[in-house]
Amino acid sequence: MRFSLLSSCLAFSASLIAAVPTFPNAQSTRDVDSEFDYVIVGSGAGGGPLACRLAMAGYKTLLLEAGGDANGNVNISVPGYQAVVTADPKLRWDIFVNHYKDQNRAKRDPKYVYEIGPYEYHVGPNPPPGAKDLGILYPRGSMLGGSVTHNALIWIIPHKQDFDTIATITGDDSWAASNMNQYLNKVYQWLPNMPTDPTILLRDLPLARHLVAGANAVGIDVPVLTPLAKLSQLLLMSPNSRVNPARDATEGYFQVPLTMKLGERSAVREFILKTVADGHPLTVRTNTFVTKINFNTTGSKPRATGVEYMEGEYLYKASPLHRTNFGKRGSAKAKREVIVSAGTFNTPQLLKLSGIGPAPELLRFGIPIIKHLPGVGTNMMDRYEIPVNVVHEDDFSVLDGCTFDLKPHDLCLKQWLDNPYILAARGAYASNGLAAMMLKRSSFASTSDIDLSIFGGPLNFQGYFPGWHDFSVRDHKHFSWYSLKAHTRNRAGTVELRSADPLDQPEINFNYFDTGTTAGGADQLDLGALIQAIRKSREALADYYKFPILGGTNYTEEKPGAHVQSDEAIGQFIKDEAWGHHAACSCPIGEEGNPMAVLDSEFRVRGVDGLRVVDASVFPDIPGIFIQSAIFMVSEKAADVLIREAKAADGE
Ligand SMILES: Cc1cc2nc3c(=O)[nH]c(=O)nc-3n(C[C@H](O)[C@H](O)[C@H](O)COP(=O)(O)OP(=O)(O)OC[C@H]3O[C@@H](n4cnc5c(N)ncnc54)[C@H](O)[C@@H]3O)c2cc1C
């Protein structure tokens, strides 16, 4: 398969954009050279809410974001475009990672990518002569709101163990889940969420038939002659109920809540825009790429004093629109603190470029050492995700008229734009396409909590590669169950510098399965859980045939494929083709005395003053099932910590 930037650009050149409501521009006109209380790098799940809260508390806050604001860009607003938006060249960074360092092994994945020209790719076997090995595409959003502005919108709150473990490791009780609950309440002050309107689904009976079958497969008694009544009832069940004390261990079948309001994506970006519009002292600088943290090294401990940056669009080389390495240089000073929220890959990169990281690696690139901190860029974790994809003889009618390409012939987009959110009038695009999920505890789970989320929808997503958005919705005949393994055990991922050039993407190795954490059979336990997930997905697919009353055609399994049956064969499929998109834990919080701990329990970078990290990289263990909720809560907690400290310092 050959993919080039041109085809993606064409897909986005439609005139429909003008019809989308626009927001006031986030770029404020304050003088960036003046001194701020706080300077925050990155406006995603970690940096965005924190910046808002600090400004709302009256602190002069500067939020620096490498990407632009997608103001008026329909791709970010339409839930049904959750795949399309990840391909928007203005909004994305194409990060290439290794699941396995051994490239021969990595190339067993049909999604393996080669570079055949500047930003031109070949995917899969038989690359043309001269093609350069790249690895596996790992999409990241670079824009106001970060990856949250282009993610799949799924909103599942963390498990209690995610926070209780941090309290146990650090001895800081403020991390106890019972205390963290208040931060979820704070998140709910600005973050709306709602499930897909079930009536959209119930109009497509063969689709409903698959969803009914999913419920049946998790042991729910679904009447064969009247299955829709039961499905409607199940789709009212939230997986986020805090009323049930045993929620984290509760198996079952649930709706999939999405971060949207009236069928339109709404999350961090909107919170930032509102904070600026409300007149709080928040200065937002988009298209501003931070290259270095500055330190005052005259005292007994180095102290972060601000950052250096370059202004310009698409400066990072991971942007498919990167054309120049030169931006307008500038700097910003922080009176109180600098907070790095650049994400799991970019936070360790920026720390290292600024002299904080493993000394031997920094010396290799001639970077003066501010603090030898060997844990920076280690301990990286991710979930494994794996599909079972089937293809039907007929289309799913719920997708009639949906072309997923932002062109005038996209009737589903027209329906979404032209209608209010009443009685499913906005149609299929008022959903991300994934409306129901099984929650299961595999027999390989490390605790009593569920460790598998298996969600289904009418698309053919097989993981990330250039062009995946197009591929997954190319026809309307596919249905898939996707399994996410929560509480994975592999912590062998690393983020290392490739060069001292801040615009180069770092070298990222996940070291999957047997090439990663193997102590206590960790890799086999995770693999075993995923094999069970595939078997459960197939059970759901088999149960489809128990509900002929709902109509629909037969299907054929495409992935893993009917020939893949033994545990060994399924395991090999998983090892070859699994992917992730919740990378975390690369600058972990840890206990005093642990040399690999990068942060203390209050987000301070160990060994220096005035510098904290607040984003997906802070977790010692990957949290929950879907990660954004945990990051938002951490961001709210960090705001609390910083505001409390600032007040104490000011004698308030
Ligand atoms: C395709 C996809 C789908 C996903 N779907 C879901 C989902 O459905 N549910 C869920 O819970 N999670 C989902 N996630 C994961 C979730 O969105 C991310 O884990 C989360 O956004 C990470 O938050 P963060 O703050 O660590 O980083 P980000 O949100 O990635 O934010 C980092 C920001 O920092 C900026 N930045 C980086 N370096 C610099 C620099 N040097 N200078 C200035 N700015 C910089 C970047 O441009 C970016 O905007 C998905 C992720 C992807 C990629």
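Only a predicted model underlies this, so the values are computations on that prediction, with no experimental measurement involved. When a ligand or atom number is given, it counts from 1 through the structure's own listing order. The residues of the chain are indexed from 1 along the displayed sequence.
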Residue-level breakdown please: for [X] versus ligand 1, do any non-hydrogen atoms fall below 4.0 Å on the side chain, on the backbone, on both, or on neither?
X: H582; result: side chain
X: L153; result: backbone
X: V41; result: side chain
X: S617; result: neither

Do the ring planes of [X] and [Y] sit parallel (below 30°), tilted (30 to 60°) or perpendicular (above 60°)?
X: F455; Y: Y482; result: tilted
X: W93; Y: Y316; result: tilted
X: W155; Y: Y188; result: perpendicular

* **Steps toward ring pair (Phe, Tyr, Trp, His ring centres under 6.0 Å) verdict (W468, F404)** => CA-CA 12 Å; W468 76 272; F404 297 95; over 10 Å; no

Heavy atom of [X] under 4.0 Å from ligand 1?
X: T288; value: yes
X: W93; value: yes
X: L64; value: yes
X: Y464; value: yes

Among all the protein's non-hydrogen atoms, which is closest to [atom], and how far away is it?
atom: atom 40 (C) of ligand 1; answer: V290 N, 3.7 Å
atom: atom 23 (O) of ligand 1; answer: A45 CB, 3.4 Å
atom: atom 31 (O) of ligand 1; answer: G44 CA, 3.4 Å
atom: atom 47 (O) of ligand 1; answer: E65 OE2, 2.6 Å

Are any of the N/O atoms on [X], whether in the backbone or the side chain, positioned under 3.5 angstrom from an N/O atom of ligand 1?
X: Q628; result: yes
X: F289; result: no
X: G343; result: no
X: H150; result: no
X: A616; result: yes
X: S629; result: no
X: R140; result: no
X: A583; result: no
X: I627; result: yes
X: G145; result: no

* **Passing candidate, ring-ring contact (aromatic ring centres under 6.0 Å, His included) with W579, options Y384, Y512, F461** =>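 Only one option passes, and that is F461.
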
Going by the closest heavy atom to [atom], which one wins out of [options]?
atom: atom 6 (C) of ligand 1; options: T344, I625, T347, N151; answer: N151
atom: atom 8 (O) of ligand 1; options: I156, I154, L503; answer: I154
atom: atom 32 (C) of ligand 1; options: S142, G42, A342; answer: A342

* **Donor-acceptor pair between D449 and Q161 side chains, under 3.5 angstrom** =>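 Yes, Q161 and D449 have a side-chain donor paired with an acceptor closer than 3.5 Å.
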
* Worked check of ring pair (Phe, Tyr, Trp, His ring centres under 6.0 Å) between F465 and Y121 -> CA-CA 9 Å; F465 57 89; Y121 305 114; over 10 Å; no

* Asked: Got a sec: does the CZ of R329 have more than 12 other heavy atoms crowding it under 6.0 Å?
  ->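 Atom CZ in R329 is not crowded, with 12 or fewer foreign heavy atoms closer than 6.0 Å.
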
